[in-house]
Structure formats: C-alpha cells, structure tokens
Undergrad: 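Below you will find the structure I want to go over with you.
Throughout, a chain's letter reflects where its sequence line sits, starting with A, and its residues are numbered from 1. All values below come from the heavy atoms of this structure, side chains included, with hydrogens, waters and symmetry mates left out. The structure displayed is predicted, hence computed values, not measured ones.
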Amino acid sequence: MFNARVAEVLRSIAELLEIKGDNPFRIRAYGRAADRITVLQEDIASYAGQGRLEELEGIGKDLAAKIDEIIATGTCRHYEELKRAIPRGVVDMLAVPGIGPKTAKLFYDKLNIRSVAALQQAARQGRLAGLPGVQEKTVANILKGIELLEKGRQRMDILTAQQVAQAVVDGLKHLKSVKEIEPAGSLRRGRETVRDIDILAASPRPAPVMEAFVGLPFVKRVLAHGATKSAVLTQDDTQVDLRVLAPAAFGAALLYFTGSKEHNIKLRQLAIRKKLRISEYGIFDKRDRCLASRTEKEIYARLGMDFIPPEMREDRGEIEAGLRHALPRLVTAKDIRGDLHAHTRYSDGSATPEEMAQAGRRLGYEYLCLTDHSVSLKVAHGLDKERLKKKRAHIDRLNRKMRGLRLLFATEAEIDADGRIDYPVEVLKTFDVVVGAVHSGFKQSKAQLTRRIVRACRNPNVHIIAHPTGRQWPARPSYEVDFKEIFKIARETNTALEINCHPMRMDLGDIPARAAKEAGVRLAIGTDAHDVTHLDYMRFGVGLARRAWLEKQDLLNTCPLQKLLKAIKK
DNA sequence: GCCGTTTTCGGCCCGACTGTTTTCAGTCG
C-alpha cells in the first residue's frame, strides 16, 4: 500500500513550494492530489500499474509521472531538490499558529532560523522585532503560538467535542439577540474526532453576542475578537470559533461553516461555472443579486442539486451524486431498532440487565444485545459456564415478564491469537448472538491479524466482528488489516462487521465502513455500552454510518427482531 | 499543476481578523 507515502511526499512538496513562494495554484494542486490519495480506498499502485492515474480527479500528466516515480523509488527528484534548498525545520515552523509560509521564509532568509526552537530563542532575545512587518505584538503572538503548539492541540473525541459545544450554546442561547445557534464544522458532519469547535449564531445584532462569547466563564484566552467572528481557547485548551450572521443568511452561513473546506470549494467552483457566486451570505448572480440564503436546501437547489446531508460533505462523490439526483437515502436514528453491543454487571458493565432493559425501552428499542465478555478475558470478569447459566436464567426471566423489548443472550467473545473463540462450540450455540472481538496480540503482523479475523468469520457461530481495527482514541491506533480480504470473507460467510460507536473507538471508521458496504458486507452498530448512559452513543454510530453512505438495508440494527435473527444465520 | 456547459489559455472559493500599515499583506478556516 503506497497511498500514505505518495500522499506524504506530495503534501511535503506543497509545503516546500509554499515557503519557496511558488504559484499558489500549483501548491493547491499538490495539496489536493495528496488529499485525494489519502481517502482513496484502493492501492494507488494498482492505478499506476494499469496506467490509470490520470483518471483520478486532480491528477494530470505531471503528477502521474511523479507518483510513478514515488512508487518506484520511494521519493522523487523534485522533492529531493526542494528538501536540499529548504531545511525541514523551516517547514515545521508552519505548524505554529499565526506563522505562514511568508513569515517562515522571512525568518529563514533574514536570520537563518531553521527550527521552531531557534525561532523561540530569537523571539525571546528580541532579534525578530524590526524585520519588515514585525513589531512587538507579532513577536508576542509568535511566542504564544509556540506555547500553543507545545501543548499539542490534539483532536478530541466526539463526545468531548459535543459537551464543549453544548456548553457554549447553553451559555449564549438565552441572549435576546440570539435567534438561532447551532454547532457546525466537523462536529455537525459527525467526524470521528474533532479539532476545533465551530459554532454559528443568527442575530440581527452581533456585537452583544461576541461580547458574551469572549466573556464566557470557561474562556481562558481570546484568540480573535472581531465584529462577527471570534475565537477563544477554553480552560482545557480547546479552540472554539463563533461566527454571527443575520438570520436571513443562516442557511448560507451554515453551509459555509459546516464545510468541509473541500466540499465548499467544489460547490463554489460549480457556482462559478453557472455564472454565480457563493459566500457565507448567500448565492449571488453576476449583478450581485441574492438568489437564496435562508436555508441550505435552497442554495443546493439553485445549483441544481438535492440537499446533501452534512455527514456526506467531504467531496467524496456526494456533489456529483447530488447533481444526478442519486444520493443514497441515508439511515436515520429512527430506523434503529436495537443496540447490538452492550455490557452488564455480569462482566465489566455498571448496570444490571433490568436497568439496561429499561434504558433500551426508553430509547424505543425492540431488542438489546447483552454481550458480556467471555471466559478468557479475566480482567473484565469474562463469564464461565456457571455464570453464563445464571445470566441466561436471569435474561429468560426478564424476557418472560417484559413487554416491548427483548433482551438477547449474547457475548463479546475473545478471538485468540490463532483466530479461535474461547468458548466451546456447544456453549457458543446457546447464544442468540455472538460478537467476536480481538483484545490482545495487537502487535501481530497485518497478515496474522487478518488471518485471525478471517478465521473468526469462518466460524459458523460468530455473527459479528466487533471493532475490527482495534483502535482506541487517543492512545491506540488501528492495527493494520487487509480489508479487501476481510470484506470478501465476511461477505461469503455472512458475517457482519461492527461500527463500534463508543466515542473512544468509532471503529470501523467512515472510509472502511463505506468500502465494506460496497463490497457487499453487512454492518452492525454497537455502542459498547458499559453503563445505561452509554446507550446514547448510538447517535454517534448513526452519524458514522451516514458518513459511510449507509442506507437502512445495509445495517443489521434496522431489522425487526425476527428478521434480525434470521439475517444473522450462517 | 489541473482543467473545460464561454475556454487547450487563462482562469483557479471567498471573506474575516490582525498587525502593520496610511491602504494592505499575511493568515486562517
């Protein structure tokens, strides 16, 4: 798989060209090509091998030749030449907020500064002030920027992001001048992790909203404070941006502030081809007459497209599909009839089966799968035969007296290092649902991990593979597996793959989940709830499924109970 | 460097905020 390397080289070239002061459009061409390859599902080398690179959007003759070279040699001459001209540390300076290519180049040219550390030292020694366009405030901002960089503004999980956004919304929604207020950005798009929080408000009088925002009690530092746009840092170093526009422009503003950047750029290009112009204020004709601005839907309609749900706005084909009126009918929260992954006190959950059942009923579920851990996962009190019997009897008793919701007797069973399940066949057969999971041996090779999962799929008693890539935010990255092979076997054996929507997991992610669907694999959303409140994470799972373009029929959870039990049969 | 419902040349998303400037460049999203 060469995609990561090719993208990395192209992105580095873009950064180096920026510092060099090259044509901005050439720079963007490199950046766009890198983005395109990052989200590409197939191996770029197979495109190259078939001479099909130029079929990819944004890749022409020149880039195709460079990509061929990178695949063959791991790098390309153009890149090596640029690296010789500009030290790595100069590129690193771009990561400092407030420092762009022009400033980095200035410091390098004038003071021979070639690292962030050297920059910090020069700033402290007062050597920066006096350079063209650099005075005291700029120096102070650079020092603040370096401090910010050192703290490492990491991406946060989606639950934390929602909580921060909610705190801001709650702090401002009662203001008289606020007509509407809503989180936008990657949070609204349902991304698996979020960096900055973007919030949009509609108000005829932005000034008091801005004032209230920068004065919120959890604001540690004000990064920008303008008439309609401000940015702050919260006590825990999360950046929150607030933009305020007139209520009449709310739709246009929401479209702009939701992004993604790539989606917006493409929409705006499309508008230009139709002799129109889009901004956060609306869609305008050549004579600057506003044609639409109140809702996103009206703006899409002016472009001849169907409304594109926020989760799809990543420039991954949704614009073309919208123009053809061929968007998928994405799954919605009300399509979900049950949760397929939840724990109780029998293993490491905090709630009883009764409490989980009540919570499930409140959510309107038809069924809830109680997937306590299996015998070999001792740290999580995996159930042995005796305790399984107790749990079975307990669930049967509850099911007899309960109306509306059926508890499913299930397990999250260990897939061992060789791909075997830790319960014997006669025990496995007693479960309504078996979810197989890898919780150990993450350091195995890609081939070994793939073999393990494939073997679990081939097991006639395993119905779902939990969190297929094992990632846990932020500490543990995904282990590598051969998705192509796993999808093929999962399909052949009628094994579903899980979209585990615990905010620390979000696994499968959007890109592999979409690839799984396209490979004909069924998916199953599970919250991995260890507490009644965790059942609410289903909303993150639905968001992720929508990002993967999933429709109702692509998921197990949307089936009524009897159909579900039939659908998982192997 | 890419690309074509005006174009194979001449475009390439669009606007807010900051700091340094007397009208704008740089950065950001």
Undergrad: Give me the distance, rounded to whole Å, that separates B:dT7 from B:dG19 when you measure between the C1' atoms they each carry.
TA: 40 Å
Undergrad: Strictly by Watson-Crick or wobble contacts shorter than 3.5 Å, is anything paired with B:dT8, and which nucleotide is it?
TA: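 WC or wobble partner does not exist here.
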Undergrad: With 3.5 Å as the limit, what N/O pairs link the protein to nucleotides 4-7 of chain B?
TA:
residue : atom : partner  : partner atom : Å
B:dT6   : OP1  : A:Arg273 : O            : 3.3

Undergrad: Scan A:Arg243, A:Arg188, A:Lys173 and name whichever one has a salt bridge (charged side-chain N to carboxylate O under 4.0 Å, His left out) with A:Glu182.
TA: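 Testing each of A:Arg243, A:Arg188, A:Lys173 against A:Glu182, the sole residue satisfying salt bridge (charged side-chain N to carboxylate O under 4.0 Å, His left out) is A:Arg188.
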Undergrad: Report yes if some heavy atom in the side chain of A:Leu233 is under 4.5 Å from a heavy atom in the side chain of A:Val222; otherwise report no.
TA: no
Undergrad: Mind calculating the distance between CG (A:Leu82) and P (B:dG1) to the nearest angstrom?
TA: 10 Å
Undergrad: For B:dT23 and B:dC17, measure between their P atoms and round to the nearest Å.
TA: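 Approximately 22 Å lies between the P atom of B:dT23 and that of B:dC17.
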Undergrad: Do the side-chain N or O atoms of A:Arg243 get closer than 4.0 angstrom to the phosphate oxygens (OP1, OP2) of B:dC17?
TA: no
Undergrad: So A:Lys66, base contact, sugar-phosphate only, or nothing? Heavy-atom distance under 4.0 Å.
TA: sugar-phosphate
Undergrad: What nucleic acid atoms does A:Ala271 come within less than 4.0 Å of, heavy atoms only: base, sugar-phosphate, or nothing?
TA: nothing
Undergrad: Determine whether A:Glu147 and A:Arg221 satisfy the following criterion, salt bridge (Lys or Arg N to Asp or Glu O under 4.0 Å), listing intermediate values before the conclusion.
TA: CA-CA 13 Å; A:Glu147 191 192 321; A:Arg221 184 187 291 173; 3.4 Å; yes
Undergrad: Sugar-phosphate means primed atoms, P, OP1 and OP2; the rest is base. With that split, encode nucleotides 21-29 of chain B 5' to 3' as B, S or - using protein heavy atoms under 4.0 Å.
TA: S----SSSB
Undergrad: Between A:Glu320 and A:Lys266, is there a side-chain N and carboxylate O pair less than 4.0 Å apart?
TA: yes
Undergrad: Closer to the 5' end of DNA chain B via nearest nucleotide, is it A:Tyr281 or A:Val139?
TA: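 Taking each residue's closest nucleotide, the earlier one in sequence belongs to A:Tyr281.
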Undergrad: Would you mind reading off the distance between A:Asn23 atom CG and B:dG10 atom C1', rounded to a whole angstrom?
TA: 12 Å
Undergrad: Which value, in whole Å, describes the distance between the C1' atoms of nucleotides B:dA16 and B:dG10?
TA: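 After rounding to an integer number of Å, I get 28 Å for this pair.
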Undergrad: Which whole number of Å gives the distance between the P atom of B:dT20 and that of B:dC28?
TA: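 These two P atoms come out 16 Å apart once rounded.
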Undergrad: Answer yes when A:Arg36 and A:Glu57 have at least one side-chain N-carboxylate O distance shorter than 4.0 Å, and no when they do not.
TA: yes
Undergrad: A:Thr138 side chain N/O closer than 4.0 Å to the phosphate oxygens (OP1, OP2) of B:dT20?
TA: yes
Undergrad: Could you check A:Gln269 against A:Leu63 and say which one's nearest nucleotide on DNA chain B is further toward the 5' end?
TA: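 First, find each residue's nearest nucleotide; the 5'-ward one identifies A:Leu63.
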Undergrad: When the distance from CD of A:Glu136 to P of B:dG19 is rounded to whole Å, what number comes out?
TA: 12 Å
Undergrad: Around atom CD of A:Glu136, are there more than 12 heavy atoms of other residues, nucleotides or ligands at under 6.0 Å?
TA: no
Undergrad: Testing the 3.5 Å rule here: is there a donor-acceptor pair between the side chains of A:Thr332 and A:Asp335?
TA: yes
Undergrad: Using atom CZ of A:Phe25 as one end and atom P of B:dC14 as the other, report the distance to the nearest whole Å.
TA: 11 Å
Undergrad: Taking A:Asp157's backbone N and O only, do any of them form a donor-acceptor pair with A:Thr193's side chain (distance below 3.5 Å, no angle check)?
TA: no
Undergrad: Please state whether the phosphate of B:dC14, meaning OP1 or OP2, lies under 4.0 angstrom from any side-chain nitrogen or oxygen of A:Asn264.
TA: no
